[in-house]
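Shown next, in C-alpha cells, is the structure this report addresses.
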Amino acid sequence: MSATIWISELRVDYESVTAVNGLNLEIGPGEIYGLVGPNGAGKTSTFNVLATLLEPTYGEVRLCGFDIKEKPEEARRHFGHMPDLAPVPTDLRVWEFLDLFAGAYGIPLSERKQRIEECLELVSLKEKAKAYCKTLSRGMTQRVVFAKVLLHRPRILLLDEPASGMDPPSRVALRNVLQHLAKSGVTTLISSHILTELTGFCTKIGIFHQGQLLDQGAPREIIQRMGKQEDGRTISISLLEQSPTLITWLIERSLIENLEESNLILTFRFYGSPEEQSELLREIVRREFPVRSFQEHEASIEDILMDLHQRRNDA
Amino acid sequence: MKVPEHVLDFLRLLMLWRNPIFIRYYRSKLRWKGLLGWASVTLLFSAFIFFIIYYSSLRTSSVTSQEAALATIPALLIVQCLIMMCKGSFSIAAGITREGIEGVLDYQRLSPMSPLNKMIGYLFGLPVLDYVLFLLTLPFMIFAILKAELPGAIVLRVYSVFFTSVLVYHMTAFMAGMVVKRRFLVGFLTQVLMFVLYLILPALSELGYVFFEHLTIRPTFFAEFQNEFNAWDFDFADPSIAFFQLEIPCHLFSLAIQILFFIVFSTIVYRKWRNENSLLLDKHSAVIAVGVLFLGLIGTMLPQIDSGRIFPSWGPRYLLQLPPVDFVKPSEALLILGMFGTLSLIISVLTLTMITPSRDVQIKGLRRMVKLHLKRVPWSEDASSSIWHAMAVCLIIFIGWWLFVEALFASRWYQGYELSPYAWIGAFLSVTIPAICFQMFLEAKGRHWLFMVLLGVWLVPLLGGSLLAVASDKYANAATYIIALSGFVLPFYSMEAGLAQSHFLTEAPQVRPAFLIVLALYTTAVPILIVEWRKHRKELKELVKQ
C-alpha cells in the first residue's frame, strides 16, 4: 500500500443523517488533493474522521500506513490538521502557543526555538512572535494555526477550508508553501466549497456531494468533463440601451432558450457547440446591436454538482 | 540493571516540568500581573488568620504558645482547603470550559501525547496558581506545626489525605468539564456535583453511611487531632473504621475511598479524552464499580448496627448528651431501610444513565454489525444494549440492601421481631422493576422522554401526594396511593409492607395494598416496555437496512 492517505468504505452517520457514505480514497505522496463540495456535503466530517476527532460508523482509514482506530497516537505524529476557522487560545503569546505544540509533538528543546522561527517565517508572522494570540486578525490567526500545523514536519496536511478569512496575499503564500512542501513528498488534503480556489495548485480534485465522491481526477480533466454540458450553458449580454430587435432576433435562434431580460441584461441558455457560440457572437457584432459585453457564465459548484448528479441518475 | 521501559514511562508522566500542557498553564497562569494580586491577598489573609488566632489565644485563654500555635492549625487548614478545593476546582472547571468554548481542546486531542499525559497536564496545570497560593500559606503552617510540636506522622497522614482529597475534587471538576456538552452549564453543574458529593453525601454519615464521609478530609482530621486538642470534644471521631470484621485506620480508609473515586472519575475523563462521543463508563467497569461501592457501603454499615449509630435518633441524642439509645422505634428501622433502598435505586439509575447507549450510538453499532456481518453488537461495545448489565446492577444493589435488612433484624435492637418470609420478594421487585423500566424506556425513547416521564410519574405524584397528605387527614389514604406511584419511594413501601405483614407495624394499613397495586402497575408496564423496546430495535434495524 503506497498511498499516504488510504480510506476504505468510510461511513459517518449522525442519527438518521448520513454525512459520509462509502467513501473510498487513495492519495499518494506529494499529491495535493482538493476536496470540493457545497456546505453540508460531508467534507468536515471526513476531515474530522481523518484527524481522529470523530469515530466513523464504519470504514477503515490509514494514514502513513497506521490504522487510525488501532494506532491513533502513531497516526497523529504524521499529520497536521487545520480546522475551518481555526481557533487559538486567547491567553497565550504566539510563540508560547507554538512552543506548546512543539513540546506536545516531542520536538527536542534545543531545536524548538529555531523550528518555531522557521514556521513563523513561512507564514510571514515572525514579527508577531511575542504578540498575544487574541490581538491577531482572523487571517493572521489562520496563519498562526498553519504554522502550528507545520511545526512537527508532518507527512500529511489535512486542511479544512484553510483559506477562509485569509487575505489574497496570504492565500497565494499558502499555495506556494503547499506546492513547496508537495515537492518534498508531503501529501495535502485540502477542502473548499469554491472550485476555482483549488484548481490552480491541486494535483487532483474530488467532487464531494451528499456524503459521496461523485467524481475525481486532475483539475484539467474535471474542468473538461464539466465543460461538456449537453444541456447548454448560460450566457448573458449586457446592453447599452433597450433593443427589442436584438431580443426578437435572439428568440428566433433555435439554439437559444429561456431568454430573460432585466436591467439591460439579457440572459439565456445556449445549446450549441463552442463554434456555434463563436458564430453567434460574430453575428451580434456584425449586425451592430447595442451590445456592451458578451459573457459565458462559469459553472458554479452547484451547477457542476447538479450536472453530475443528473448524469449519474441518467446512467 | 536496566530499568523497564514502562517504569520509565510512568516516571516520565510525573515529570511535570516536561509536560507541555503543564508548562503552557505555568506560563499563562503565573504571569506577574495576576500572580502579584493573588499572592498578596493570600499572604495577607493567611497572616491575619494566623496572628489573630495565635495572639488572641495567648491573651484571652491564657494558654501556652504551643497550644496557641496548635489552635491556628485548623484555621490555616481551612484556608488551604478553600484555596485548593474550592478555588482549584473552579480553576479546572473554568479552564476546561474555556478551552471547549474556544475550540482549542481538540488541538490537544490531536497531539500525540498519551491521554494520561494530557490528563496530568491539565490536572496540575490548570490549578497551578492555586498550588502556588497554597505554598504561600505553608510558612505559617510550618511555623504552627513546629511551634505546636505536632508529631510528623500526624502531619503526614493528614496531608496525604488532604492531597488525595484535592485530586478527587479536581478530577470531579475535570470530569464535569469534559462530560457536559452545554459548556455554559459546566460551572453550575460542577458546583452541584461538589455540593452533592462532598456535602450532602458526607452528611449521610449521621445515618451510618460513613463511607461517603471519607470523600472529605474531615474524618481523618478529627481522628488525627483528637488527642492533640484535649480541650475540644472530639469523642465522635473514630481513629479506625470497622470494615466487616476488620479495623482499618481512618486515614487509610479515606485514602482507599478517595483513590476509588479518583479511578472512576479518571476512567470517565480518559474515555471522553479518547472519544468525545463515548459513554461515560464501559458496561463491565460500571458493574464492577457498583459492586465495589456496595461492598464499601455494606462493609462500613453492618459493624455500626450494634452501636446504634445508624439510627436517626443517634445524632440528636449525642448532641443533647442524652443516655445511649436503648430502644429504637420501628419507624427508625423503616426510615433507614427505605432510605438504603432508595439510595440503591438512585445509584442504579445513575449507573444506567452512564452505560445506556443513545439512539445515535445504537444506530452506529447496528450499521457496523451489518457491515461486519456480525450476529449482534459485541457486548463490550458502547452500542450494545445495557439491559443485561442493568440486571446485574439490580442484583448487586438488591443483595447489598438485603444483607443490610437481614443484619438489622438479626441485631439486638429488634430481637423478637421477624420480617415476613415474603418480604424479600417485594423488596427485590421494588428496586429491580423501576430500574429495568428506567433502562428500557431510556434505551427505547431517549433521555428527553425519559426526563418527562420521570417528572410526570416519579416526581409529580411524590410532590402532589405529599401536599395532599399535609392538607387534610381525610386525604391521607389517597395520598398514600398517589405517593406510591413514585419509583423513588417504592423501597420504603416495600419495607413497610413487609413489616406490616408480620404485624410489626400497623399504623398505616393502606401501605400494603398501595404497594401491591403500584407494584402490579409497574410489573404490567414491563411487558409493554419490552414490546416497545423490541419495536424500537426493529425500527432501528429497518433504518439500518435502508
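Within every chain, numbering begins at 1; the chains are lettered A, B, ... in the order of the sequence lines, protein sequences first and strands thereafter.
Heavy-atom proximity under 4.5 angstrom to chain B picks out A:Val145, A:Lys148 from residues 141-157 of chain A.
Within 6.0 Å of the CD atom in A:Glu127, the count of heavy atoms belonging to other residues, nucleotides or ligands exceeds 12. At most 12 heavy atoms of other shown residues, nucleotides or ligands fall within 6.0 angstrom of atom CZ in B:Arg18. Around atom CZ of B:Phe90, no more than 12 heavy atoms belonging to other residues, nucleotides or ligands sit under 6.0 Å away. Sparse packing is recorded around NZ of A:Lys128, with 12 or fewer heavy atoms of other residues, nucleotides or ligands lying under 6.0 Å away. Counted within 6.0 Å of CZ on A:Phe66, heavy atoms from surrounding residues, nucleotides or ligands total more than 12; the atom is thus considered enclosed. More than 12 heavy atoms of other residues, nucleotides or ligands shown are found within 6.0 angstrom of CZ on A:Arg138.
For B:Glu102, the parts lying under 4.5 angstrom from a heavy atom of chain A are both the backbone and the side chain. Only the side chain of A:Glu9 has a heavy atom closer than 4.5 Å to any heavy atom of chain B. The contact between A:Arg11 and chain B is made entirely by side chain atoms (from C-beta outward), counting heavy-atom distances below 4.5 Å. Contacts between A:Leu54 and chain B at a heavy-atom distance below 4.5 Å involve the side chain alone, from C-beta outward. Looking at A:Pro56, only its backbone comes within 4.5 Å of chain B, counting heavy atoms on both sides. Only the side chain of B:Arg359 comes within contact range of chain A, with at least one heavy atom under 4.5 Å from a heavy atom of that chain. Of the atoms belonging to A:Ala86, heavy atoms from both backbone and side chain fall under 4.5 Å from chain B. Heavy-atom distances place the backbone of A:Tyr14, and not its side chain, under 4.5 Å from chain B. Within the 4.5 angstrom heavy-atom criterion, only side-chain atoms of B:Asn275, from C-beta onward, approach chain A. In this structure, no portion of B:Lys29 lies under 4.5 Å from any heavy atom of chain A. Of the two parts of B:Arg31, only the side chain, counted from C-beta on, holds a non-hydrogen atom closer than 4.5 Å to a non-hydrogen atom of chain A.
When side chains are defined from C-beta on, A:Leu100 does not count as touching B:Arg27, because their heavy atoms never get closer than 4.5 Å. Looking at heavy atoms from C-beta onward, B:Asp106 lies out of side-chain contact with A:His81 at the 4.5 angstrom threshold. Within the 4.5 Å cutoff, side-chain heavy atoms of A:Glu73 are placed close to those of B:Pro115.
B:Leu110 and A:Thr52 get closest at one heavy-atom pair: CD2-OG1, 3.7 Å. Taking each heavy atom of A:Thr57 and B:Arg368 in turn, the nearest pair found is O-NE, 2.7 Å. Closest approach of B:Pro20 to A:Ala104, counting heavy atoms only: CG-N, 3.4 Å.
Between the side chain of A:Arg76 and the backbone N or O of B:Arg109 there is at least one donor-acceptor pair closer than 3.5 Å.
In this structure, the separation between CG on B:Leu366 and CG on A:Asp13 is 11.0 Å, given to the nearest 0.5 Å. The structure places CD of B:Glu276 at 10.0 Å from CG of A:Asn48, a figure rounded to the nearest 0.5 Å.
For the residue pair B:Ser28/A:Glu96, the side-chain donor-acceptor check at 3.5 Å is not satisfied.
Classification of the B:Tyr107-A:Phe101 ring pair by plane angle, with boundaries at 30° and 60°, yields perpendicular.
Checked for salt-bridge contact, B:Lys364 and A:Glu55 miss the test: no charged N lies under 4.0 Å from a carboxylate O. For the pair B:Arg24 and A:Asp91, the salt-bridge criterion is met [side-chain N within less than 4.0 Å of a carboxylate O].
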